[in-house]
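The analysis underlying the following values was restricted to heavy atoms, covering all of them including side chains, and did not include hydrogens, waters or symmetry mates. Keep in mind that what you see is a predicted model, and the values were worked out from it rather than measured.
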Amino acid sequence: DVQLVESGGGSVQAGGSLTLSCTASGPTYRTYCMAWFRQAPGKERELVAAYYTGSGTTNYADSVKGRFTISKDNAENSLFLQMNSLKPEDTAMYYCAARSGGCASYALAADYYYWGQGTQVTVS
């Protein structure tokens, strides 16, 4: 099985920054999509950002566009989410996810096959 492990969560003040990381191990695919989701209390799990290995194309939720940056380190097989200008509404459990194939048209949690355990981000 593909294993995903997130790290980097914590508590920060509004306006601060955090960088989340996700390391992947196990079988690899010819092309695949890796993504960050988040789920706040009382809300549905939502796509934050996605990275497609076939082209390097990235996608962002409107709520984080311009503040968050998704990137991948191929040498370490790790995915990152740099989070700047954090707001209290960014408070959520953040999850790393992956699926084979592309990212386009796959924005639901149910579209992703592999998940990490989550890392909590709290913005005061």
**Student:** So, taking the atom named CG in Asp73 and the one named CZ in Phe80, what distance separates them when rounded to the nearest 0.5 Å?
**Tutor:** 5.0 Å
**Student:** Is it possible for you to say whether Leu81 and Val64 belong to one hydrophobic cluster, with membership spreading through side-chain heavy-atom contacts below 4.5 Å?
**Tutor:**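 In one cluster: yes.
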**Student:** Find out whether Arg45 and Leu108 are in side-chain contact, i.e. whether some heavy atom of one side chain is under 4.5 Å from a heavy atom of the other.
**Tutor:** no
**Student:** Quick check: closest heavy atoms across Leu79 and Cys96, and the distance to 0.1 Å?
**Tutor:**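 Smallest interatomic distance, heavy atoms only, reads CD2-SG, 4.2 Å.
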**Student:** Tell me, do Ser17 and Gln82 make a side-chain contact under 4.5 Å, heavy atoms counted?
**Tutor:** no
**Student:** From Cys22 SG over to Gln3 CD, what is the distance, rounded to the nearest 0.5 angstrom?
**Tutor:**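 Answer rounded to 0.5 Å: 11.0 Å.
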**Student:** Grouping I, L, V, M, F, W and Y whenever their side-chain heavy atoms are under 4.5 Å apart, do Tyr52 and Ile70 come out in a common cluster?
**Tutor:** no
**Student:** May I have the step-by-step check of salt bridge (charged side-chain N to carboxylate O under 4.0 Å, His left out) for Lys65 and Asp62, ending in yes or no?
**Tutor:** CA-CA 5 Å; Lys65 194 171 298 181; Asp62 288 340; 3.3 Å; yes
**Student:** Just how far is it from atom OG1 of Thr122 to atom CG of Leu86, taken to the nearest 0.5 Å?
**Tutor:** 10.5 Å
**Student:** To the nearest 0.5 Å, what is the distance between OG1 (Thr23) and CD (Glu6)?
**Tutor:**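 Result: 8.5 Å between the selected atoms.
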**Student:** State, to 0.1 Å, how close Gly102 and Tyr106 come at their nearest heavy-atom pair, and which atoms those are.
**Tutor:** O-CD1, 3.7 Å
**Student:** Is any side-chain heavy atom of Arg38 less than 4.5 Å from a side-chain heavy atom of Leu20?
**Tutor:**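 No, too far: nothing below the 4.5 Å cut-off.
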**Student:** Please tell me if the side chains of Met83 and Val12 come closer than 4.5 Å, counting only heavy atoms from C-beta onward.
**Tutor:** no
**Student:** Establish whether Val2 and Tyr32 are linked, either directly or via other cluster members, by ILVMFWY side-chain heavy-atom contacts under 4.5 Å.
**Tutor:** yes
**Student:** For a quick test of reading the model, state the closest non-hydrogen atom pair linking Thr119 to Gly9 and the distance between them.
**Tutor:**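 Thr119 and Gly9 have their closest heavy atoms at OG1-N, 3.1 Å.
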**Student:** Quick check: closest heavy atoms across Arg99 and Asp111, and the distance to 0.1 Å?
**Tutor:** NE-O, 2.9 Å
**Student:** Quick one, Asp90 and Arg67 - any side-chain contact, counting heavy atoms below 4.5 Å?
**Tutor:** yes
**Student:** Hey, mind stepping through Asn59 and Leu47 against side-chain contact (heavy atoms from CB on, under 4.5 Å) and telling me if it holds?
**Tutor:** CA-CA 9 Å; Asn59 297 301; Leu47 178 68; 5.7 Å; no
**Student:** Closest heavy-atom contact between Ser100 and Tyr113?
**Tutor:**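 Smallest heavy-atom distance, with atoms named: OG-CE1, 3.4 Å.
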**Student:** So do the side chains of Cys33 and Tyr51 get within less than 4.5 Å of each other, counting heavy atoms only?
**Tutor:** no
**Student:** Is there a donor-acceptor pair under 3.5 Å between the side chain of Asn77 and the backbone N or O of Ala24?
**Tutor:** yes
**Student:** Locate the shortest heavy-atom distance separating Thr91 from Gln120; write the atom from each residue and the value.
**Tutor:**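 Heavy atoms of Thr91 and Gln120 come nearest at CG2-NE2, 4.0 Å.
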**Student:** Between atom CG of Leu18 and atom OG of Ser11, what is the distance when rounded to the nearest 0.5 Å?
**Tutor:**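 If I round to the nearest 0.5 Å, the distance is 8.5 Å.
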**Student:** Measuring from Cys103:SG to Tyr112:OH, what's the distance to the nearest 0.5 Å?
**Tutor:**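 Going from SG on Cys103 over to OH on Tyr112, the span is 4.5 Å.
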**Student:** Determine the interplanar angle of the Tyr95 and Trp115 rings, folded into 0 to 90°, and report it as parallel if under 30°, tilted if 30 to 60°, perpendicular if over 60°.
**Tutor:**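 Judged by the thresholds at 30° and 60°, the geometry between Tyr95 and Trp115 is perpendicular.
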**Student:** Classify the ring geometry between Tyr94 and Phe68 as parallel (under 30°), tilted (30 to 60°) or perpendicular (over 60°).
**Tutor:**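 Taking Phe68 first and then Tyr94, their aromatic rings sit tilted (interplane angle of 30° to 60°).
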